[in-house]
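Residue indices begin at 1 and follow the sequence shown. Note that these values count all heavy atoms, side chains included, but never hydrogens, waters or copies made by symmetry.
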Amino acid sequence: MIILKLRRNLLVPVMIVIASTLGAQQTWNDPRTRALVERATERRALQLADTGLVDYKATAHGYVTFLAQFGEGFPEPPKIVKADELGLEVYWRAPDLSKQRIMGRRDTLLLPTDINYHRDHLGIVQNNFRNIIRIGEGDEVQDVPHPLSPTGLDAYDFAIRDSLQIRVGSRVLDVYEVLVRPKNDRQPRAVGAVYIDRETGEVVRMAFSFTRAALIDKELEDVSVVLENALIEGRFWLPRRQEVEIRRTGSWLEYPARGIIRGRWEICCYEVNKGIPPGFFNGPEIVMAPAAERAQKPFPFTGGILDSLPPDVRAVTDEDVKKVQEEARALVRAQALSRSRSFALSARHISDIARFNRVEGLALGTGFLQRLGAGLALVASGRYGFSDEEFKGRGAVEYRTGAGSSLILAAERQYGDVSDEQETSLVRNTLAAQEFGSDYTDTYDVHGISLSASLARPGWRPSLEYAYERHAPLLVNARPASGRFEATIPAVPLRESRLTAGLDRPTSLTLGGLELGIHFVVTGTSTKRSGASLPMKLLRPSVAVDVQRPIGSSRLLLHTSAAGVLTSDAPPAQHLVFLGGPTSGPGYEFHEFVGRGGMSQRIEWRFLTPFVPIPLGRYGRAPGTITLAPFATAVWIDRSAPFKASRQGWYPAIGLSALTVFDVLRFDVARGLRKGRWTFSVDVGRDFWSVL
């Protein structure tokens, strides 16, 4: 089986990929449908008992990948942590003997993890499951009646949704897609679809997930399976392609984290009725072939593991997964697939618990989350700064769907940051501010109430927010261990109503093998300053575009960020465009560029070079390579702010980055080429900033 058993201290995954969508109307359990599924059940039983099929041998080639995903609604695709490529010899003998020998295995570790796969994760599913489905030896899914079994005929409803053609190898088959839903969704049951050949009644494909009651571990989000068969020697329907995905979702102080284990297999090269002796099947079902035999007959792997991964594994878009979830939730009540929690401590970032900056000094905080059921939750958080002696906090009523869409009513008193690009991680900023007086945040005081909504869907994801806020400037209150802090920005006291529309395209594959992500926001604001008789209107669009292109083991990255303020009056300082620093303008001072319009462009080339391997104990060993990344950047600014030195036009820079310890640590050195300087930066990789 392709089953996955993981240590409970890992936020690890479960779920498999299917591709079907829900039609508008079906007739459940009509005579035509019942006759079809009863015939398919009979054919399946005959296949298992067919005396013409004595034994077979086949070859299986597959990948088992462990991926991780973070953030509310999981806006970005999962990132590969570990990838294993396997080659198997598969043997079967009637009535139900199975042996699978691992003839080749290689792996790549991209991030430190102590994940261990159970032995039966490393093989395929034989016979389309037995009449009772168990996954992970009953640790993940247990005691689920197979839909096409004598028990399943009474436990499930069936409906023919569509008649279609699908290609299996070189053959094109006319099949019925039959939806399957449980009669009682509070019992351990499957939900999904089976694809039945119209001519023979054979099962060509099965794609299904499971009800909440079928999932044993409370942290399991869902388990999904796709099994495809092929007609061998014109008579026997045997495994051809399989996918299993297990998703486990948890949280650290309610910061969402998801682990995903995905198994994909291609089975081919069948040899039927070759007389395999029964004694060959003694011992464990899945074994590693002896080293001498593997060396004598190595499995023909080609290229590097990551290069050979299928594109939808290398850069997951989650579109197929969402289709499975949508179908399952449409077929059974949402509560049959959902989980609930009660009271829990909550924090969106590590820095929500402890941070240090020039305004607050040391600030400590926490939060809580109370789930009310049906997607509703009460959320509150607070923080106290020991230098400014002020409380900051946020309270909200949130409604979230299982797919990640949300509607949130919130009231807060926070310190807003004017940065158009976050220049460093908040943890790095805390250390640098406390020790050296290097604070890469520019904040102002915000009291406000807001109503926001977002729609999670494949492709573009829209969002909308209306807010009413009161702004005020802040002062430097803290002292660093060495050095001194710069003054805070001259934020203008005001009251404003603001409407913000956003459109996001999470990173996913597009034309030419490019990985493209886009974040676009436009804000319309009506602002009234203290003492002013008339409000000021302003429009502020901004966009961030990320483009990546893998080229062998190297990677080309382009990042573009641009923003502007459109108004006939002098805009408040907190609404201007702020650029400059390790991210938007390396080689220049932090927020050296402030104006009504600005743009930052970065181009970077990453490649591997030999380096000293770094042991990490039970989390593995950092590979004996380091990623070098020469880069070039350019900042453009228009109409500088009066409180900053005059800057106008383009400001280029060049630099070199080194990423090590699984690319978690990044070292940058850069030189600004126009009125710039040498800068050096060390930080955690940007992919982890949302957690920090």
Side-chain angles (χ1 to χ4, degrees), residues 70-71 75-77 79 315 417-426 428-429 440 460-461 502-521 541-551 554-564 577-588 590-593 595 597-607 627-638 650-659 663-674 676 679 681-692:
F70 302 97
E76 287 297 316
K79 297 184 181 298
D417 195 328
V418 299
S419 299
D420 284 275
E421 289 265 22
Q422 185 178 339
E423 298 295 337
T424 68
S425 69
L426 290 179
R428 187 265 197 191
N429 193 75
Y440 279 12
W460 292 93
R461 299 179 179 181
L503 200 57
D504 288 271
R505 185 187 193 274
T507 305
S508 56
L509 284 176
T510 185
L511 297 176
L514 297 176
E515 299 172 15
L516 175 65
I518 300 175
H519 174 65
F520 175 74
V521 174
S542 65
V543 64
V545 180
D546 285 288
V547 179
Q548 299 188 30
R549 178 68 164 87
I551 304 174
S554 301
R555 183 172 284 261
L556 177 66
L557 299 90
L558 292 92
H559 175 74
T560 305
S561 173
V577 179
F578 287 75
L579 298 170
T583 298
S584 65
Y588 298 95
F590 170 66
H591 285 179
E592 181 173 341
F593 310 104
M599 175 181 177
S600 170
Q601 177 64 59
R602 186 187 193 98
I603 180 169
E604 180 173 300
W605 176 262
R606 294 185 184 178
F607 60 91
T627 301
L628 293 181
F631 63 85
T633 66
V635 175
W636 175 79
I637 196 70
D638 181 48
W650 289 97
Y651 291 80
I654 57 173
L656 178 67
S657 298
L659 294 87
D663 291 353
V664 173
L665 288 178
R666 179 176 179 126
F667 300 85
D668 284 1
V669 60
R671 171 67 182 180
L673 301 180
R674 180 186 174 191
T679 59
S681 175
V682 57
D683 205 341
V684 178
R686 192 178 181 89
D687 290 341
F688 301 93
W689 289 7
S690 61
V691 182
L692 303 177

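The backbone N or O of H519 sits nowhere less than 3.5 Å from a side-chain atom of D504 that would complete a donor-acceptor pair. Proximity of a side-chain donor or acceptor of R555 to a complementary backbone N or O of Q548 within less than 3.5 Å is not detected. Using a distance-only test at 3.5 Å, with no hydrogens or angles considered, no donor-acceptor pair links the side chain of Y651 to the main chain of T633.
In this view, I551 and R549, W605 satisfy the side-chain contact (heavy atoms from CB on, under 4.5 Å) rule, not counting sequence neighbours. In this structure, the side-chain contact (heavy atoms from CB on, under 4.5 Å) partners of D683, at least two apart in sequence or on a different chain, are T424, S425, R428, W689. By the side-chain contact (heavy atoms from CB on, under 4.5 Å) test, P541 is found to be paired with V522, residues two or more places apart in sequence or in another chain being considered.
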Practice problem: For the pair S561 and E421, evaluate side chain to side chain donor-acceptor pair (under 3.5 Å) and give the outcome as yes or no after the intermediate values. | Solution: CA-CA 8 Å; S561 173; E421 289 265 22; 3.3 Å; yes

Exercise. Please lay out, stage by stage, how I603 and L556 fare under the test side chain to side chain contact (heavy atoms under 4.5 Å, CB included).
Key: CA-CA 8 Å; I603 180 169; L556 177 66; 4.1 Å; yes

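Summarising the geometry, atom CG belonging to L659 is positioned 9.0 Å from atom CG belonging to L665; distances are rounded to the nearest 0.5 Å. Note that CZ of F667 and CG of L628 are 12.5 Å apart. Values are rounded to the nearest 0.5 Å. Summarising the geometry, atom OG1 belonging to T583 is positioned 12.5 Å from atom CG belonging to D420; distances are rounded to the nearest 0.5 Å.
Between S542 and A563, the closest heavy-atom pair is CB-CB, 3.7 Å. Counting all heavy atoms, side chain and backbone alike, A670 lies closest to G587 at CB-N, 3.9 Å. What you find for R602 and P582 is that their closest heavy atoms are NH1-O, 3.8 Å.
A donor-acceptor contact closer than 3.5 angstrom is absent between the side chains of T627 and R606. A donor-acceptor contact under 3.5 angstrom links the side chains of E423 and S584, judged on distance only. Using modelled atom types and a 3.5 Å distance limit, the side chains of S419 and H591 yield a donor-acceptor pair.
The pair R666-E604 meets the salt-bridge criterion, with a side-chain N (NZ, NE, NH1 or NH2) lying under 4.0 Å from an Asp/Glu carboxylate O.
Between T679 and Y588 the shortest side-chain heavy-atom distance does not fall below 4.5 Å. No side-chain heavy atom of F593 sits under 4.5 Å from any side-chain heavy atom of M599. Using a 4.5 Å heavy-atom threshold, the side chains of R505 and F520 count as separate.
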